[in-house]
Amino acid sequence: MTDARTLNTGRLTLRPVSWRDMEDMVRLKADGGAFGQMLGGVCTRQQAEKEMADDIAFWACHRVGIFTIHEQGRFVGMTGIHDRPDGRGFGLRFALYPWASGRGIAREAANAALSFTHNAGIRRVIAVAKESNLASRSILKGIGMQECERFMREGQTMLVYESKRQP
């Protein structure tokens, strides 16, 4: 049975995260190459389990959330929307294994997740990237997000991007 929230792009399948994805998400979130740049950094299993519970609850509450990304049936990463812990609002995030990077997967998946979120009625979505993270910044610009703010975090300049859709 396919979940109605499953998204298919030209080459990817995005599925709402669920407990069946726990082992894949634990491995991804423990990988420094995949999660080292994310807010909070790499995660322990306990942290990944708590985030999974939060992500599933977020889907239930908001009808949007985190997706797993699969290419030809193989788990390659995650993308989607979460409620940023810094209070900035609904944030787009994406992370891929390093071996899956460099082929446009993150852009394709993040674009699909962002479109899904706007189509679900969420008018404003943000994303935050380190100024030095040129790959993430390129993806955010490539899916139409605009830089709207800068702030400092732990000595790093952080850039806030936003995507707005009219009602």
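Computed from a predicted structure; not experimentally measured. Residues take their numbers from the sequence shown, with the count starting at 1.
The backbone N or O of Ala120 lies less than 3.5 Å from a partner atom in the side chain of Arg63, making a donor-acceptor pair. A donor-acceptor pair under 3.5 Å is formed between the side chain of Thr79 and the backbone N or O of Arg93. With hydrogens and angles ignored, the 3.5 Å screen pairs no side-chain donor or acceptor of Ser138 with any backbone N or O of Leu134. The main-chain N or O of Glu131 is found under 3.5 Å from a side-chain atom of Arg137 such that the two form a donor-acceptor pair. Put simply, the side chain of Tyr97 gets close to the backbone of Leu28: a donor and an acceptor are under 3.5 Å apart.
Every pair tested for ring pair (Phe, Tyr, Trp, His ring centres under 6.0 Å) that includes a residue from residues 26-54 fails, sequence neighbours excluded, so the list is empty. Under the ring pair (Phe, Tyr, Trp, His ring centres under 6.0 Å) criterion, the residue pairs touching residues 109-138 are Trp59-Phe116, Phe67-Phe116, with sequence neighbours excluded.
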Apply side chain to side chain contact (heavy atoms under 4.5 Å, CB included) to the pair Asp21 and Met78, showing each step before the final yes or no. CA-CA 11 Å; Asp21 302 308; Met78 55 78 70; over 6 Å; no
Mind running side chain to side chain contact (heavy atoms under 4.5 Å, CB included) on Leu159 and Leu140 for me, showing each step along the way? CA-CA 11 Å; Leu159 306 180; Leu140 297 172; over 6 Å; no
Taking it one step at a time, do Asp83 and Asp54 satisfy side chain to side chain contact (heavy atoms under 4.5 Å, CB included)? CA-CA 10 Å; Asp83 196 6; Asp54 291 345; over 6 Å; no
Would Arg124 and Cys148 count as a side chain to side chain contact (heavy atoms under 4.5 Å, CB included) here? Give the steps. CA-CA 12 Å; Arg124 181 175 185 262; Cys148 66; 4.1 Å; yes
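Residue Arg123 holds its CZ atom at 15.0 Å from OG1 of Thr117, rounded to the nearest 0.5 Å. Separating the CD1 atom in Ile105 from the CD1 atom in Ile69 is a distance of 7.5 Å, to the nearest 0.5 Å. The CZ atom of Arg5 sits 12.0 Å away from the CZ atom of Arg15 when rounded to the nearest 0.5 Å. With rounding to the nearest 0.5 angstrom, the CG atom of Leu96 is 9.0 Å from the CZ atom of Arg103. Distance CG/Asn133 to CE/Met158: 8.5 Å, rounded to 0.5 Å. With values rounded to the nearest 0.5 angstrom, Ile143 atom CD1 is found 6.0 Å from Met145 atom CE.
Contact annotation: the side chain of Glu51 never approaches that of Met25 to less than 4.5 Å [non-hydrogen atoms, C-beta and beyond]. Between Thr157 and Arg150 the shortest side-chain heavy-atom distance falls below 4.5 Å. Looking only at side-chain heavy atoms (C-beta outward), Pro16 and Ile66 stay at 4.5 Å or farther from each other. Between Glu108 and Glu71, the closest side-chain pair of non-hydrogen atoms is not below 4.5 Å.
Taken together through direct or relayed side-chain contacts under 4.5 Å among Ile, Leu, Val, Met, Phe, Trp and Tyr, Val160 and Ile81 form parts of separate hydrophobic clusters. With hydrophobic clusters built from ILVMFWY side chains whose heavy atoms lie under 4.5 angstrom apart, Met52 shares a cluster with Phe75. Residue Val17 is grouped with residue Val64 when hydrophobic side chains (ILVMFWY) are merged at heavy-atom distances under 4.5 angstrom, including chains of intermediate members. Hydrophobic clustering keeps Phe94 apart from Val128 (ILVMFWY residues linked when any side-chain heavy atoms are closer than 4.5 Å, directly or through intermediates). Ile122 is connected to Leu92 through a chain of hydrophobic side-chain contacts under 4.5 Å among Ile, Leu, Val, Met, Phe, Trp and Tyr, so both are in one cluster.
Val42 and Gly36 get closest at one heavy-atom pair: CG1-N, 4.2 Å. Cys43 and Ala48 make their closest contact through CB-N, 4.2 Å (heavy atoms, listed as atom of the first residue, atom of the second, distance). Minimum interatomic distance between Tyr161 and Glu147 (heavy atoms only, all atoms of both residues): CD2-N, 3.5 Å. In this structure, Val125 and Gly91 approach most closely via the heavy-atom pair CG1-C, 4.4 Å. When all heavy atoms are compared, the tightest approach of Leu14 to Ala109 is CD2-O, 3.5 Å. When all heavy atoms are compared, the tightest approach of Thr9 to Ala112 is CG2-CB, 3.8 Å.
Under 4.0 Å is where a charged nitrogen must lie from a carboxylate oxygen, and between Arg27 and Asp31 no such pair does.
Note on ring orientation: taking the six-membered ring where Trp is involved, the planes of His62 and Phe58 are tilted (angle from 30° to 60°).
Counted within 6.0 Å of NZ on Lys130, heavy atoms from surrounding residues, nucleotides or ligands total more than 12; the atom is thus considered enclosed. The number of heavy-atom neighbours closer than 6.0 Å to CZ of Arg11, taken from other residues, nucleotides and ligands shown, is above 12.
Seen from the ring of Phe151, Arg88 counts as a face-on cation partner, given the 6.0 Å and 45° thresholds.
Arg74 is linked by a salt bridge (charged side-chain N to carboxylate O under 4.0 Å, His left out) to nothing, counting only residues two or more places apart in sequence or in another chain.
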